[in-house]
Amino acid sequence: MPATAMELSRLPLVLLFCLLAGSSTTALPALPGMDRVRQQVDRANRRGPSIGLVMSYVAEDTALQASGYFRPWRVQPFVDLYGRRFHIGSIRGVNVIYALTGQRRLNAAVTVQTLLDVFTVSGIVHYGTAGSSNDSMSFGDVSVPKLVAYTGAWTWKKYKSLKEASTELSFGQFNVPDEGENLLGSLKYRNEELYSVGKPMEEVFWLPVDSAWFKIAEGLKVTLERCNDTFCLPKTPQVVHGLKGASADMFLDNAEYRKFLFREFAVSTIDEESAAVVMTTTSPGVPVIVFRGVSDLAGGEPTWSSTSLMNLASINALKVAVEFIATIGRQMSTPSAQSSKN
C-alpha cells in the first residue's frame, strides 16, 4: 500500500529521498553514471510529449543540422545514452527528440525502442534516402509508403518448389546465357513474427504505417528542391503517396534483383531501415510515418547514379518530414484536440 503523508513525515530524510527517487518514471538500468542520465531524461520528459525523429545516415543528420529547422533546448540540448546522442529541442514549435540510428535494422530498432522506453514520445517520424526499384520515381522524389516489408528473411532451398504459394527467387532463372538449374537453388521469402500489445503473435509480411498519420501526410503541400550546389534536375521532384517499400540488411546494387523485387512485390523504394522502424513502433501501437527521398536507382544504370544528388534526396525527405511535424503540432494544439485529451 502507498505510504500516507503522516507516515512519510516520520521517515528519515535520506530514506524519503530514496523513495522519491525510486518513483521516477524513467526505466534505466543501474549502471555507473546512469543516475545523471536518469535526471537528464526526466528533465526532458517534463517538457511534455515529443515527436521522435530518426534517420540512419550521417548525411541525413547533416541535412537536419544545416537546415536550421531544429532548435536545441537551451536547458538541456541532448542526452547521451547507450552510445547514441538524443537531441532535445523543437521543430516549428513542436517538441522533438531526434537521433541518428546508424545503418540497418538492428541499429534502427534499438534506437526506436530506446526512444519509446525512455522518453515520452507520441509518435515516430522516420526520414532518409532510398533507392528506386524502377523508373516510376525520379531523383529527388519523396515516397510516403503505406506499406513496407522486410525482404531479407529467407529460407534457402536446394530447389525451387513447384507448388509454392509464397514468392521465391530461383537463381537458375538468372543463369546466362540460358536459365536452368543452379547449385544455389532458391530463396523463399519469410514472414516476420509481430508481437503487439493485446494481440497474439501473428506472422506478417507487409507492415502498414499509421493510417491516421498517413491521411495527414496525404494532405501536405510541400514544394521540393530541384537544385543543389552542383546540379539541377530537369523537373521539380514530387511527393508520392501510397506506394510500397522494401527493407533488407544489404545495400542493393544489382539491377536484376531490383527488377525482381519490383516485379514480385510491386515495391517502389528500397532501403535498409524502414521496416524495422515501422515494426518496432507497431508493437506498442505508437503512430509511425516514413518519408524516403530517392537518391539513386538501386543497382542502377550509370545515367541514374549520382552521388552529388544524395544530399538533395535527404533535403527533400527532411522538408516533407518537417511539414508533417508542424501539421501534427497544429492539430495537437487545436481546442478539439485538447478537449479529446481531457
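One is the number of the first residue; the rest follow in order along the sequence.
- For the pair Asn45 (side chain) and Phe119 (backbone), a donor-acceptor distance under 3.5 Å is absent.
- Formation of a donor-acceptor pair under 3.5 Å by the Asn316 side chain with backbone atoms of Glu225 is found in this model.
- Not a single ring pair (Phe, Tyr, Trp, His ring centres under 6.0 Å) links Phe214 to another residue, sequence neighbours left out.
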Which side-chain N or O atoms in residues 73-80 pair as donor and acceptor under 3.5 Å with protein atoms at least two apart or in another chain?
{"residue": "Gln76", "atom": "OE1", "partner": "Arg43", "partner atom": "NH1", "Å": "2.3"}
{"residue": "Gln76", "atom": "NE2", "partner": "Gln40", "partner atom": "O", "Å": "2.8"}
{"residue": "Asp80", "atom": "OD1", "partner": "Arg85", "partner atom": "NE", "Å": "2.7"}
{"residue": "Asp80", "atom": "OD1", "partner": "Arg85", "partner atom": "NH2", "Å": "3.4"}
{"residue": "Asp80", "atom": "OD2", "partner": "Arg85", "partner atom": "NH2", "Å": "2.8"}

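- The two residues Thr281 and Pro284 make their nearest non-hydrogen contact at O-CD, 3.1 Å.
- Residues passing the side chain to side chain donor-acceptor pair (under 3.5 Å) test with Gln113, sequence neighbours excluded: Asp117.
- Rounded to the nearest 0.5 angstrom, Ile97 CD1 and Phe70 CZ are separated by 8.5 Å.
- Between Asp249 and Arg105 there is a salt bridge, since at least one side-chain N of the basic residue sits less than 4.0 Å from a carboxylate O of the acidic one.
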For a quick test of your reading: what N or O donor-acceptor pairs under 3.5 Å do the side chains of residues 48-64 make, sequence neighbours left out?
{"residue": "Ser50", "atom": "OG", "partner": "Arg47", "partner atom": "NH2", "Å": "3.2"}
{"residue": "Ser56", "atom": "OG", "partner": "Thr101", "partner atom": "OG1", "Å": "3.4"}
{"residue": "Ser56", "atom": "OG", "partner": "Glu273", "partner atom": "OE1", "Å": "3.3"}
{"residue": "Tyr57", "atom": "OH", "partner": "Glu272", "partner atom": "OE2", "Å": "3.1"}
{"residue": "Glu60", "atom": "OE1", "partner": "Ser56", "partner atom": "N", "Å": "2.9"}
{"residue": "Glu60", "atom": "OE1", "partner": "Tyr57", "partner atom": "N", "Å": "2.9"}
{"residue": "Glu60", "atom": "OE2", "partner": "Thr129", "partner atom": "N", "Å": "2.9"}
{"residue": "Glu60", "atom": "OE2", "partner": "Thr129", "partner atom": "OG1", "Å": "3.2"}
{"residue": "Asp61", "atom": "OD1", "partner": "Gln65", "partner atom": "NE2", "Å": "3.2"}
{"residue": "Asp61", "atom": "OD1", "partner": "Tyr98", "partner atom": "OH", "Å": "3.1"}
{"residue": "Asp61", "atom": "OD2", "partner": "Gln65", "partner atom": "NE2", "Å": "3.3"}
{"residue": "Thr62", "atom": "OG1", "partner": "Val58", "partner atom": "O", "Å": "2.9"}

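- At a threshold of 4.0 Å, the pair Lys221-Glu323 does not count as salt-bridged, since none of the basic side-chain nitrogens sits closer than that to a carboxylate oxygen.
- Within the model, atoms OG of Ser132 and CZ of Phe262 stand 8.5 Å from one another, a figure rounded to the nearest 0.5 Å.
- The backbone N or O of Ala217 lies less than 3.5 Å from a partner atom in the side chain of His241, making a donor-acceptor pair.
- In this structure, OG1 in Thr269 is found 10.0 Å from CG in Asn134, a value given to the nearest 0.5 Å.
- The OH atom of Tyr127 sits 10.5 Å away from the CZ atom of Arg292 when rounded to the nearest 0.5 Å.
- Atom CG in Leu233 sits 8.0 Å away from atom CG in Asn228 (nearest 0.5 Å).
- Checked against side chain to side chain donor-acceptor pair (under 3.5 Å), Ser247 has the following partners two or more places apart in sequence or in another chain: Asp271.
- Applying the under-4.5 Å side-chain rule to Ile, Leu, Val, Met, Phe, Trp and Tyr, the cluster around Leu106 extends to Val110.
- Residues Val94 and Gly329 approach most closely at CG2-CA, 3.5 Å, considering heavy atoms.
- The two residues Val112 and Thr280 make their nearest non-hydrogen contact at CG1-CG2, 3.8 Å.
- Under the 30°/60° scheme for interplanar angles, the aromatic rings of Tyr189 and Phe260 are found to lie parallel.
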